[in-house]
Amino acid sequence: MGDDSEGAGDVGGSLTHLENATLVAFAADRDSFLTEELPESLLPQGEEEFMSRDLFSADYVEFLYAKRDVNETVRGVNRGLRESLLEKPHLMEKPEEGAHRGAAAVWRSLRDQLHEESLQKIDSSERDELLLMRSELELRRAVVESVAKGLGALLKRLDDRLAAIGAEDEPPAAAAKAPAKKG
Amino acid sequence: MSRLLVVLCPPRSFSSLISTMIGQHPEIYGFPELHLMIRETVGEVMAWERRCERYTGPPGLLRTIAEIDHGAQTAETVLEAANWIEDRLDWNSAWMLDYCIKRATEVSGARYCLEKSPSVAFLPVALERMRQAYPDALYIHVTRHPLGLKKSLEEFVRESHRFTPEQKQVRLDASMGAWPVAQRNLLDFCASLAPGQYIRIRGEDVLRDAAATLAQVAEWLGLRTDAAAVEAMLRPEESPYATLGPPNAAFGNDPKFIDKPKFRPGNPRLRSIDGFFESAEGQAFDAPRRDYLAQLASCLGYQ
């Protein structure tokens, strides 16, 4: 079904279609509000006022609670899986996810060691916060260890390759040091 | 420093397309979704983003800092941007937005910087925070037909890989409620603005006749309305934020828009709201809800 309203430019809440000339005249006076005091907010203040505003707003608050409950359940179920995924970044669904998590974990670990942020928090935080911090630090350690393991494998491969090349040809540095043979 | 221009609309309301189009005006710098004003401080914004599994921060903000401070959006410049933001977690969110506006003005010479973060439509506190922090800001309230938004929202939820079936179901059950809540918030918000401080446009009108509608917007802002300026707004794909960003900040705008950023004029079919209430799905709504939604829709020019 088509729509018969013409309101392309509905300025200041009016639903009248404005000719450009009217718009120019309106725009000329547009900034007069800058000299006026900021009016009171007409938005609801707090959850109760929001809920009592209209039926859909009340429904929306219920939706937010339902969403929160489901999210918390999902987070609880996923926590173990996510931790093990951090130890095995190659199992993550998307390479970007591994890159994001890995870069963030390594980077925050470096920052921490430079600025001692966690150290300060450890000395001044409550038990709940410390438990959260332990979980966070364990995750970071898993990532850093995974990166170190990957780098260790690369270095081993590099050494193996160098050893193989060395058996075939003499490295250029060694050749340069060798005394020249006299005729 | 240029003036803040904010596009107000809930998600799934052509916001990426329309904001990017307006942001392509030669005298406007269009940001992607910065997600800054949703919380009071940058630290709170980052905590919220990490909760949503965006570990390095809001992709739109990262891309913006990379672009305006390093001149390019690469994985390295995004990491630099993330590092820079991480050092400013104690900043007020408005200071960070001020910084973006200041740098964008220096880089582009724009008279306005355009920001849109659709999630604020559901957060009265965030809307009020923005009004207090930027009393001289101008606002463009973009609307979409309630049934169009509902359909788009449902498609988005169904196609999302982020949600479990349970998370999807909760969102699908509430899909009709998103429109009246967000629009009521935005109407209440606009009612506390000065009459000259905002304009309201229907997204469908932009799709039907973008040149005329966007020229009116430019005129209202006191900007150029010559053919070159209007044609620039018809090429959203030329925005530095209309393409896929580097892997550590890929989006910052709607993924569907990033996939196909060119403007394609159209004449969206607007379903009848009364017709919806006669359908099996619409019958689930009681009479007071039907009346309320129909009145609100009518107030915004939808039947």
Side-chain angles (χ1 to χ4, degrees), chain A residues 1-15 18 20 23-24 26-34 36 38-45 50 53-57 59-60 62-63 66-67 69-71 73-74 77-78 93-97 99-101 103-105 107-108 111, chain B residues 54-56 79 82-83 86 122 124 127-128 131-132 135-136 145 161 164 166-167 170-171 173-174 177 180-181 184-185 188-192 194-202 204-205 209 212-213 215-217 219-222 247-248 250 269-272 275 288-289 292-293 301-303:
Chain A
M1 181 174 169
D3 176 69
D4 54 7
S5 170
E6 296 274 46
D10 165 23
V11 180
S14 152
L15 286 167
L18 292 172
N20 278 5
L23 197 63
V24 172
F26 187 85
D29 194 34
R30 188 198 55 209
D31 287 351
S32 58
F33 72 89
L34 291 174
E36 294 166 11
L38 202 65
E40 287 284 303
S41 170
L42 297 172
L43 288 160
Q45 310 288 314
F50 183 84
R53 183 176 66 175
D54 59 65
L55 292 166
F56 282 103
S57 298
D59 293 346
Y60 185 71
E62 282 181 23
F63 157 69
K67 192 171 81 163
D69 291 347
V70 172
N71 286 349
T73 309
V74 169
V77 170
N78 285 352
E93 195 178 339
K94 295 176 191 167
E96 292 84 359
E97 188 183 0
H100 286 185
R101 288 166 184 274
W107 178 39
R108 272 181 273 158
R111 278 185 58 85
Chain B
R54 291 184 290 265
Y55 287 94
T56 41
L79 202 58
N83 204 351
E86 192 77 14
F122 294 105
L127 287 166
E128 182 55 15
R131 193 177 74 108
Q132 295 285 342
D136 67 335
H145 192 284
H161 299 295
T164 64
E166 293 79 12
Q167 286 174 308
V170 168
R171 285 162 174 80
D173 290 346
V181 170
R184 178 71 192 267
N185 283 343
D188 286 353
F189 176 72
C190 289
S192 60
Q197 210 175 350
Y198 73 99
I199 188 170
R200 183 171 298 132
I201 57 176
R202 298 190 323 171
E204 292 87 354
D205 290 329
D209 192 356
T213 311
Q216 281 194 328
V217 171
E219 193 137 30
W220 171 67
L221 292 168
N248 46 355
R269 181 175 159 266
L270 302 181
R271 281 176 64 197
S272 150
R289 282 179 177 76
Y292 176 81
L293 198 136
Y302 297 107
Q303 307 300 318

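Convention: sequence-line order gives letters A, B, ...; per-chain numbering from 1.
- Considering all non-hydrogen atoms of both residues, S192(B) and P39(A) come closest at O-CG, 3.4 Å.
- Only the side chain of Y292(B) has a heavy atom closer than 4.5 Å to any heavy atom of chain A.
- The shortest heavy-atom contact between G177(B) and F56(A) is CA-CD2, 3.9 Å.
- When all heavy atoms are compared, the tightest approach of E40(A) to R131(B) is C-NH2, 3.5 Å.
- Taking both residues in full, the closest heavy atoms of V70(A) and Q167(B) are given as CG1-CG, 3.5 Å, listed atom of the first, atom of the second, then distance.
- Residue L55(A) touches chain B through both its backbone and its side chain, counting heavy-atom pairs closer than 4.5 Å.
- Closest heavy-atom contact between F63(A) and A174(B): CD1-CB, 3.4 Å.
- Ranked by heavy-atom pairs under 4.5 Å with chain A, the first of G275(B), A191(B), P124(B) is P124(B).
- For a residue to count as touching a neighbouring chain, one of its non-hydrogen atoms must lie under 4.5 Å from one of that chain's; by this rule Q132(B) touches chain A with backbone and side chain alike.
- Salt-bridge formation is detected for the pair R53(A)/D188(B): a Lys NZ or Arg NE/NH1/NH2 atom is positioned less than 4.0 Å from an Asp or Glu carboxylate oxygen.
- For the set D209(B), N185(B), D136(B), the entry with the most heavy-atom pairs within less than 4.5 Å of chain A is N185(B).
- N83(B) touches chain A through backbone and side chain together, each having a heavy atom under 4.5 Å away.
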Exercise. Where do R289(B) and D54(A) land on the salt bridge (Lys or Arg N to Asp or Glu O under 4.0 Å) test, with the steps shown first?
Worked result: CA-CA 9 Å; R289(B) 282 179 177 76; D54(A) 59 65; over 6 Å; no

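- Proximity to chain B (any heavy atom under 4.5 Å) is shown, for E62(A), by neither the backbone nor the side chain.
- The two residues P135(B) and F33(A) have their closest heavy-atom pair at O-CE1, 3.4 Å.
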